[in-house]
Amino acid sequence: MKPHLAELLGEAVAALRASGELSDGLKVPIELEHTRQKAHGDFACNIAMPLAKAAGVQPRALAERIVAALPASEWVAKVEIAGPGFINFFLTRGAYQAVITQVLAQGAAYGRSDRGQGRAVQLEFVSANPTGPLHVGHGRGAAYGATLANLLEAVGFQVHREYYVNDAGRQMDILATSIWLRYLELCGETVAFPANGYRGDYIWDIAATLHRANGDALRHPAAEVFADLPPDAHAPGGDKEARIDALIARAKSLLGMTGYRQALDTGLEAILGDIRRDLEEFGVHYDEWFSERSLIDDGAVERAIGRLRAAEQLYEKGGAVWFRSSAFGDEKDRVVVRENGQHTYFASDIAYHMHKLERGYERLVDIWGADHHGYVPRVKAALGAMGHDPEQLDVLLVQFAVLYRGGKKLQMSTRSGEFVTLRELRREVGNDAARFFYVLRKCEQHMDFDLDLAKSQSNDNPVYYVQYAHARICSVFRQLQEKGLRHDPENGERQLSLLVESHEQELMATLARYPEVVEAAALNEDPHQLAHYLRELANDFHTYYNAHTFIADTAEQRDARLNLITAVRQVIASGLGLMGVSAPESM
RNA sequence: GCGCCCGUAGCUCAGUUGGAUAGAGUGUUGGCCUCCGAAGCCAAAGGUCAGAGGUUCGAAUCCUCUCGGGCGCGCCA
């Protein structure tokens, strides 16, 4: 409907230009919006105001000339000029009734488009370090990313969903060492567990797996393990970083590369497998799990550094190799190769993004936790230095969900093992409620997540309101069958003109908005718009339900109304589907 | 100290990218099941859009400053 009106307006403006009433130079995009008040019609256009300003004429006078030049349309009942120069469109009933025909004909395809024209988008999200189970903070990125991916696909982009597995680097060493120390405890050694180790219960489970596979083969006396190590935190002159690094080095030397790798890989497999199952159960699917280690083995890091060097954007200082990122908008330069010869995490991240572009994606979307926001300029700087357009990368920052329990804020840390897992949350509130709840707010908004509320009063969750509308419609059709009646959609199609009640008009207008909502939610990267829309649609339906009887006495009325609610059921099912939420037939 | 995000009803949040009289949910109060599912509907009350300037036909939205909150500022990841 909106494109149709925009077309009419475009023709009117073009006609004024052709007749010389309006100069050619003025280019103002035509914007149409839904009105807030019925008195203003169905759609309003403000084009006359900016155009009049540029042309130096009265807005209302110009609006009148535009209206006079509008081509006739069977969908437009009336056009009015109001206020400072708004052009208000009042649609015919037929215009909205036609939406039902469209929804029923297109089915699940209604609301989809080819706006993206098959362009390849790479969407990376969650990418939590495989050092522990996902917690509720990761859940928000997962739900957000999965829904955005579905939305982009719905409007015609080809989406590649990817999880970047940080399976190299110091965090993995800390993990391997933590596992090994717990393993030693299982062997009967007395171990002073380091302050900087991973303390979660899952480490014990992995250590047990390691022990089952190896018996005591990896055992070394505690005295040998802890001999001559720098003091840990809390001890006089202690440093938890130095302590853990020394323990890692000790683990490597005592176990040898084979034994050490065994501890590390046992942990990696267990944790990554757990994360994959967790996300899969949450309805979050990936096309690729991309390994950081493979990137390094592939030589991509060396290649990336080589490209920066070739571009003359590297220099040495203090024994380290620096990237001149400040020349590309970062606030200062960054180290890519440390004094000890090891590349930084930033270096492999440069390589990773370079590699993404080498794979041929036109557009990269990263979803990061908002605590990484300071990292955006340097990654873009690297892309710029390598000759890419930094605009190809779009980083969406998802604010962390602040958890409350008993009215108190929860402190969470993977290292300490004190956190609420995503799995725990899913079990308590259900996947549907969790998916919907996470996406209900726009991502840059801080989110208060009250666990008590989510768990104890999960019926208050808006997802049930939407699902209930769907289940109610299904129930109407069950009732119909029990009464020995049947729905004749073809007859309903012929009787759509009977749908003249205000609630029906309201409902049809909302249905007509669905394609616009999907497109806006996808292009603005704002899945919450879809969640709010579905709530509105459900509200319109529930209101209609209370005001009128669908299983009406006459077949004409009945079939027409059943066509309408069939269309509502379709749109609710489609919308919930995009959000990864089920549309139950009863509940 | 510098940078990014945020501040809208008692609480949790929308606000169609600068439009007309700022909206939902929840909570409070009062109504609606002999009738397709009451996990629902209707109504009322609730606002200095943090504050002050500025830009213009027009500002919750854009600019500046102030106040308040979150996060970041490593040869960690």
Side-chain angles (χ1 to χ4, degrees), chain A residues 31-37 39-40 44 46 49-50 52-53 58-59 82-86 88 129 131 166 168-172 174 241 292 317-322 331-332 334-346 348-349 369-377 397 399-400 402 440-450 453 457-469 471-480 482-483 513 516-517 520 524 526 528-529 531-533 535-536 538-539 541-552 558 561-562 565 586-587:
Chain A
E31 284 172 19
L32 273 162
E33 54 184 21
H34 293 275
T35 55
R36 286 187 190 164
Q37 293 165 60
H40 297 147
N46 66 353
M49 271 124 46
K53 190 184 174 187
Q58 290 295 319
F86 290 105
N88 293 339
N129 279 345
T131 52
N166 293 115
R170 184 161 174 265
Q171 295 305 318
M172 292 310 296
I174 296 177
E241 304 290 347
E292 181 186 4
K317 193 179 83 180
V321 180
W322 295 71
E331 53 187 23
K332 56 183 176 182
R334 309 288 173 179
V335 171
V336 288
V337 182
R338 283 181 249 168
E339 195 179 356
N340 64 12
Q342 291 190 318
H343 64 76
T344 59
Y345 178 82
F346 177 44
S348 57
D349 228 24
D371 53 339
H372 288 77
H373 66 78
Y375 208 75
V376 178
L397 299 169
Q399 290 288 343
F400 190 71
V402 182
L440 204 50
R441 277 109 215 225
K442 57 182 180 201
C443 66
E444 68 265 30
Q445 185 70 249
H446 293 103
M447 182 167 132
D448 286 346
F449 203 124
D450 188 329
L453 186 78
Q457 302 182 18
S458 58
N459 278 358
D460 288 343
N461 197 302
V463 70
Y464 295 105
Y465 183 77
V466 179
Q467 289 181 320
Y468 182 46
R472 248 185 168 178
I473 294 169
C474 295
S475 175
V476 169
F477 283 96
R478 284 193 294 270
Q479 283 293 324
L480 187 74
E482 277 179 32
K483 292 185 178 181
R513 266 174 52 216
E516 297 165 31
V517 170
N524 298 332
D526 263 341
H528 80 277
Q529 290 180 15
H532 285 273
Y533 167 83
R535 202 158 61 173
E536 273 179 63
N539 179 39
F541 169 75
H542 286 309
T543 301
Y544 180 37
Y545 183 97
N546 274 271
H548 299 284
T549 306
F550 306 141
I551 305 180
R558 192 168 63 231
R561 287 183 170 171
L562 292 176
I565 67 171
S586 65
M587 49 195 289

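Numbers restart at 1 for each chain; the letters A, B, ... are given by sequence-line order, proteins then strands. Side chains are part of it too, since the values below use all heavy atoms of this structure and drop only hydrogens, waters and symmetry mates.
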Exercise. Indicate whether OP1 or OP2 belonging to B:C13 is found under 4.0 Å from a side-chain N or O atom of A:Arg535.
Key: no

Quiz prompt | Toward the 5' end of RNA chain B, by each residue's nearest nucleotide, A:Leu32 or A:Val337 | solution = A:Leu32

Quiz item: With distance as the sole criterion, do the side chain of A:Asn46 and the base of B:A20 form a donor-acceptor contact below 3.5 Å?
Solution: no

Quiz item: When every nucleotide of nucleotides 2-12 of chain B is labelled 5' to 3' by its protein contacts under 4.0 Å (heavy atoms), B for base, S for sugar-phosphate only, - for none, what sequence of letters results?
Solution: -BBBS-----S

Between the protein and nucleotides 41-43 of chain B, are there any N/O to N/O pairs under 3.5 Å, and if so, what are the atom names and distances?
unit_1, atom_1, unit_2, atom_2, d
B:C41, OP1, A:Tyr465, OH, 2.3
B:C41, OP1, A:Asn539, OD1, 3.3
B:C41, O4', A:Asn546, ND2, 3.0
B:C41, O3', A:Thr543, OG1, 3.4
B:C42, OP1, A:Thr543, OG1, 3.1

Quiz item: Stacking here means centres under 5.5 Å and planes under 30°; does A:His40 stack on B:A20?
Solution: yes

Quiz item: Base, sugar-phosphate, or nothing for A:Ala471, non-hydrogen atoms under 4.0 angstrom?
Solution: base

Quiz prompt | Sugar-phosphate, base or nothing in reach of A:Tyr545, heavy atoms under 4.0 Å | solution = base

Quiz item: Looking across every strand, which nucleic acid part, if any, lies under 4.0 Å from A:Gly318 by heavy atom: base, sugar-phosphate, or nothing?
Solution: base

Practice problem: Measure the distance between the ring centre of A:Phe86 and the centre of the six-membered base ring of B:A20, then answer whether it is under 5.5 Å with planes under 30°. | Solution: yes

Practice problem: Indicate, with a heavy-atom threshold strictly under 4.0 Å, whether A:Asn88 touches base, sugar-phosphate, or nothing. | Solution: base

Quiz item: Within the structure, does a side-chain N or O atom of A:His528 lie under 4.0 Å from either OP1 or OP2 of B:G15?
Solution: yes

Quiz item: Does A:Gln479 have a side-chain nitrogen or oxygen under 4.0 Å from the phosphate oxygens OP1 or OP2 of B:G37?
Solution: yes

Self-check item: Syn-anti status, with the boundary at 90° from 0, for the nucleotide B:C62
Solution: anti

Practice problem: Salt-bridge test for A:Arg170 and A:Glu241: reply yes if a basic N is under 4.0 Å from a carboxylate O, no otherwise. | Solution: yes

